[in-house]
Amino acid sequence: MFYTRKCGEIEESDFGSEQTLCGWLQDTRNLGGIAFLQLRDITGVIQLTLLKKKLDADDYKKWTNINRESIVLVRGIVKENKEAPGGVEMLPDNIELLNEAETPLPLGVIDKIDSEIETRLNARYLDLRKSEIAANFQIRAAVSGAVHKHLRREKFLEVQTPKIIASATEGGTSLFEMKYFDKTAYLAQSPQLYKQMLMGGGLERVYEIGPAFRAEEHNTPRHLNEFISIDIEMSFADDDVVMGVMERLVDSAARAVAKETEALETLGIEPIELELPLPRITYDEAVEMSNGKAEWGEDLSMEATREIAEQMNGFYFITKWPLSLKPFYIQPDDDPKYSRGFDFMYNEVEMTSGGQRVHDVNMLKERLKEQGLDPDGFNHYLDPFRYGMPPHAGWGLGLDRLSMIFAGAKNVRECVLFPRDRTRMTP
RNA sequence: GCUCGCGUGGUGUAGCCUGGCCUAUCAUCUCAGCCUGUCGAGCUGAGGACCCGGGUUCAAAUCCCGGCGCGGGCGCCA
């Protein structure tokens, strides 16, 4: 290891001892006879205090002229000092320049001027050095970790399904087309049909956290063309049961985020607390609540959802959607005008769509035809339904969006390291 | 897919409507210098920009057309 202590982890018992630190030299304030440098690593910032008369003149000059954001290794005595930021400083005997940063920087890490997200994403490696940016990813990791832990606790088996698929299965959104040797293949928009095959495979409870791709040319703060989807599928369960899994999962995630006190403080936000069960409104009620902004039988527009969000405030479910608005694999309700499909919302943002699935092969063929699809093209998908398919339900939840909510971010890109949107393929 | 808008130093902006006083504002930044307790350090000096092409005009950062790049809203969705 290059260092003996991290910048933000100097203990009282270290005072008076010699330590070695490494990190990024973020700032130099040369007052003439005394200079203050700020050394940063992932744990925090420590002040290095240089006294001109106690140092070799060349060293003083050299060390106070290092370009900011250069990598240095510093050795010296650490001590308590009430005048220093954080109450701790180091008096370096030696500063070794491990790797000098070029100047000017593509964006200022500690500048008072904020850069635009475009500039920031182009230089993400610099952007991430800001604690308030990195904090988003701490939150995201807490969410992702809690999701794995929770679903395993509820006996879900983690699976991975292919992302290269042969045909445009679900319909609806457009897929990215790609070359697969001398054939055409597509990038999967969702693991939906594979999850269902696994129900036919008798695994009963599965989950997958993986990428999904959608070739839609949208340009909004909450859409990406590559996103991470948390998907579950559960046998012998209906829509109501998987909504229960959903709310317990989100509650677990919320509790995990609440423990990230440092990240939350950096972001200046309060943790979100949930009270289970989360509210459930039917589609009919939602239309009612939209104050005339929605028409029955139509998808809820952004305008309508905003209206509803004002009355719901936070997480909630919209259940019993009209069957005509849901994909072919969603089970009709007792009244076939409705379905057992639901959406999970956070205010006006759709987080999840899910529902009970059709498990009867004949009904599935009917539903395909109703939606103008040819059942013959779906044989690989339909086969598992012929030899013992249990009733099952499931959903897909956007990890990026969930992280965005918990991090209090206004743009999903804030919570995705290297987002892929309409125009961006790099870095 | 529809629609609205934007493009000025490394970064973030003012100026554009109402063309000339723009040798282009301010901040940050970079460089040089002064300063022994900075903590948004201060002070002095210097450096650096009108997306590209065409047009209108005596005159274009400013008006018009085209291109390129980008953003927002809607649709669709996670």
Side-chain angles (χ1 to χ4, degrees), chain A residues 26-38 45-55 60 64-65 67-69 81-89 101-123 126-127 170-174 189-192 209-231 298-306 325-327 343-346 348-354 395-405 410-413 415-416 421-424:
Chain A
Q26 69 172 15
D27 198 19
T28 300
R29 290 172 192 168
N30 188 353
L31 276 64
I34 191 169
F36 303 104
L37 317 191
Q38 290 178 357
V45 179
I46 187 171
Q47 174 166 288
L48 312 175
T49 303
L50 274 54
L51 283 163
K52 191 174 194 174
K53 65 180 181 188
K54 294 213 171 165
L55 293 168
Y60 185 84
T64 53
N65 273 298
N67 289 162
R68 43 183 209 157
E69 295 302 323
N81 189 335
K82 291 201 179 70
E83 288 178 298
V88 183
E89 65 182 4
E102 287 179 27
T103 183
L105 300 166
L107 60 84
V109 175
I110 59 160
D111 290 9
K112 298 134 204 162
I113 304 290
D114 286 330
S115 304
E116 291 197 334
I117 192 149
E118 200 58 25
T119 309
R120 291 174 36 215
L121 291 174
N122 283 336
L126 274 170
D127 189 45
E170 272 195 63
T173 45
S174 4
Q189 57 138 158
S190 133
Q192 181 58 32
I209 300 181
F213 307 90
R214 307 229 168 137
E216 295 287 338
E217 297 185 34
H218 28 46
N219 180 17
T220 82
R222 59 189 183 284
H223 285 95
L224 293 174
N225 296 290
E226 176 182 346
F227 66 95
I228 302 299
S229 177
I230 305 162
D231 269 271
E298 307 264 299
D299 229 319
L300 299 176
S301 68
M302 207 62 192
E303 205 189 1
T305 330
R306 283 212 179 91
L325 291 178
K326 287 292 167 186
D343 281 4
F344 181 58
M345 313 286 295
Y346 182 80
E348 70 272 14
V349 184
E350 185 180 335
M351 305 295 300
T352 301
S353 83
W395 44 250
L397 166 68
L399 174 62
D400 316 286
R401 283 190 184 177
L402 193 61
S403 304
M404 168 174 81
I405 300 304
K410 292 202 170 69
N411 191 324
V412 70
R413 278 158 253 232
C415 294
V416 178
D421 62 27
R422 169 76 185 81
T423 50
R424 177 176 293 277

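Below, chain A is the first sequence line, B the second, and so on; all start at residue 1. Since we're looking at a predicted model, the values are computed, not measured.
- Taking the P atoms as reference points, G5(B) lies 41 Å from G42(B), given to the whole Å.
- OP1 or OP2 of U30(B) sits under 4.0 Å from a side-chain N or O of Arg68(A).
- Between the CD1 atom of Ile110(A) and the P atom of U28(B) there is a distance of 13 Å, given to the nearest Å.
- Residue contacts shown for Gly108(A) are absent, as no nucleic acid heavy atom lies under 4.0 Å away.
- For C31(B), one of the phosphate oxygens OP1 or OP2 lies less than 4.0 angstrom from a side-chain nitrogen or oxygen of Asn67(A).
- With hydrogens and angles ignored, the 3.5 Å screen pairs no side-chain donor or acceptor of Arg222(A) with any backbone N or O of Arg401(A).
- Rounded to whole Å, the separation between the C1' atoms of C31(B) and G48(B) comes to 11 Å.
- In this entry C6(B) has G69(B) as its Watson-Crick or G-U wobble partner, both defining distances falling under 3.5 Å.
- Among the atoms of the strands shown, only primed sugar atoms or phosphate atoms (P, OP1, OP2) are found under 4.0 Å from some heavy atom of Asp299(A).
- For the C1' atoms, the distance linking A32(B) with G53(B) amounts to 41 Å, nearest Å.
- Pairing of C74(B), defined by two Watson-Crick or G-U wobble distances under 3.5 Å, is identified with G1(B).
- The partner of C58(B) is G20(B), judged by Watson-Crick or G-U wobble contacts that both fall below 3.5 Å.
- With respect to the salt-bridge test (charged N to carboxylate O, under 4.0 angstrom), the residues Glu118(A) and Arg424(A) qualify.
- On the C1' atoms, U13(B) is 13 Å away from A24(B), given to the nearest whole Å.
- Rounded to a whole Å, the CD atom of Glu348(A) is 14 Å from the C1' atom of C74(B).
- Pair assignment for A46(B): U30(B), on the basis of Watson-Crick or G-U wobble contacts that are both within less than 3.5 Å.
- The pairing partner recorded for U25(B) is none, the criterion being a Watson-Crick or G-U wobble arrangement whose two distances lie under 3.5 angstrom.
- Residue Glu118(A) is in sugar-phosphate contact alone, with no base atom involved, counting any heavy-atom pair closer than 4.0 Å across all strands shown.
- Among the heavy atoms of the strands lying under 4.0 Å from Pro85(A) is at least one base atom, whether or not backbone atoms are also near.
- The base-pairing partner of U36(B), taking Watson-Crick or G-U wobble contacts with both distances under 3.5 Å, does not exist among the strands shown.
- In this model, the phosphate group of C74(B) is approached by a side-chain N or O of Arg306(A) to a distance below 4.0 Å at OP1 or OP2.
- Rounded to whole Å, the distance from CG on Asp421(A) to C1' on C70(B) is 10 Å.
- For the pair Asn225(A) CG and C76(B) P, the computed distance is 17 Å after rounding to whole Å.
- Interatomic distance, NZ of Lys52(A) versus CG of Asn30(A), reported as 7.5 Å (0.5 Å rounding).
- Using a 4.0 Å heavy-atom distance criterion, Asp114(A) is classed as a sugar-phosphate-only contact.
- For Thr119(A), a side-chain nitrogen or oxygen approaches OP1 or OP2 of G12(B) to under 4.0 Å.
- At a cut-off of 3.5 angstrom, counting only N and O atoms as typed in the model, there is no donor on one side facing an acceptor on the other between the side-chain of Arg422(A) and the base of C70(B).
- Side-chain N/O atoms of Gln47(A) and base N/O atoms of U38(B) include a donor-acceptor pair closer than 3.5 Å.
- Positionally, the nearest nucleotide of RNA chain B for Pro104(A) lies more toward the 5' end than for the other of Pro104(A) and Asn411(A).
- Between the side chain of Arg422(A) and the main chain of Glu217(A), no donor-acceptor pair closer than 3.5 Å is present.
- Between the C1' atom of G10(B) and the CD1 atom of Ile113(A) lies a distance of 12 Å, rounded to the nearest Å.
- Checked by distance alone, His223(A) brings a side-chain donor or acceptor within 3.5 Å of a matching partner on the base of C76(B).
- Pair assignment for U13(B): none, as no Watson-Crick or G-U wobble contacts are both less than 3.5 Å.
- Taking only side-chain nitrogens and oxygens, Thr352(A) never comes nearer than 4.0 Å to OP1 or OP2 of C77(B).
- For the C1' atoms, the distance linking C35(B) with C50(B) amounts to 38 Å, nearest Å.
- Rounded to whole Å, the separation between the P atoms of U11(B) and G73(B) comes to 24 Å.
- Spacing between atom CG of Leu51(A) and atom P of U36(B) amounts to 11 Å, rounded to whole angstrom units.
- Not one N or O on the side chain of Asp111(A) forms a donor-acceptor pair closer than 3.5 Å with the backbone of Ile113(A).
- Within the 4.0 angstrom heavy-atom criterion, no nucleotide atom of any strand lies near Ala35(A).
- In this structure, Asp27(A) places its CG atom 8 Å from P of C29(B), rounding to the nearest Å.
- Using a 4.0 Å heavy-atom cutoff across all strands shown, Glu89(A) reaches at least one base atom of the nucleic acid.
- In this entry the distance linking CG of Leu224(A) with P of G71(B) reads 12 Å, nearest Å.
- Asp127(A) places no side-chain N or O within 3.5 Å of a backbone atom of Leu121(A) that could act as its donor or acceptor partner.
- Nearest-nucleotide positions on RNA chain B for Asn30(A) and Ser115(A) put Ser115(A) closer to the 5' end.
- Comparing C58(B) with G19(B), their P atoms sit 15 Å apart, to the nearest whole Å.
- Atom CD in Gln38(A) sits 11.0 Å away from atom CD1 in Ile46(A) (nearest 0.5 Å).
- The side chain of Glu116(A) approaches U13(B) more closely than any other nucleotide in the set C29(B), U13(B), C74(B).
- Look at the C1' atom in both U18(B) and C63(B): the space between them is 11 Å, to the nearest Å.
- Side-chain polar atoms of Ser229(A) and Asp231(A) form a donor-acceptor pair below 3.5 angstrom.
- Across all strands shown, Leu105(A) has heavy atoms under 4.0 Å from sugar-phosphate atoms exclusively, and none from any base.
- No contact: Lys52(A) has no heavy atom under 4.0 Å from any strand.
- Of the listed residues (Thr28(A), Leu48(A), Thr49(A)), just one forms a side chain to side chain contact (heavy atoms under 4.5 Å, CB included) with Phe36(A), and that residue is Thr49(A).
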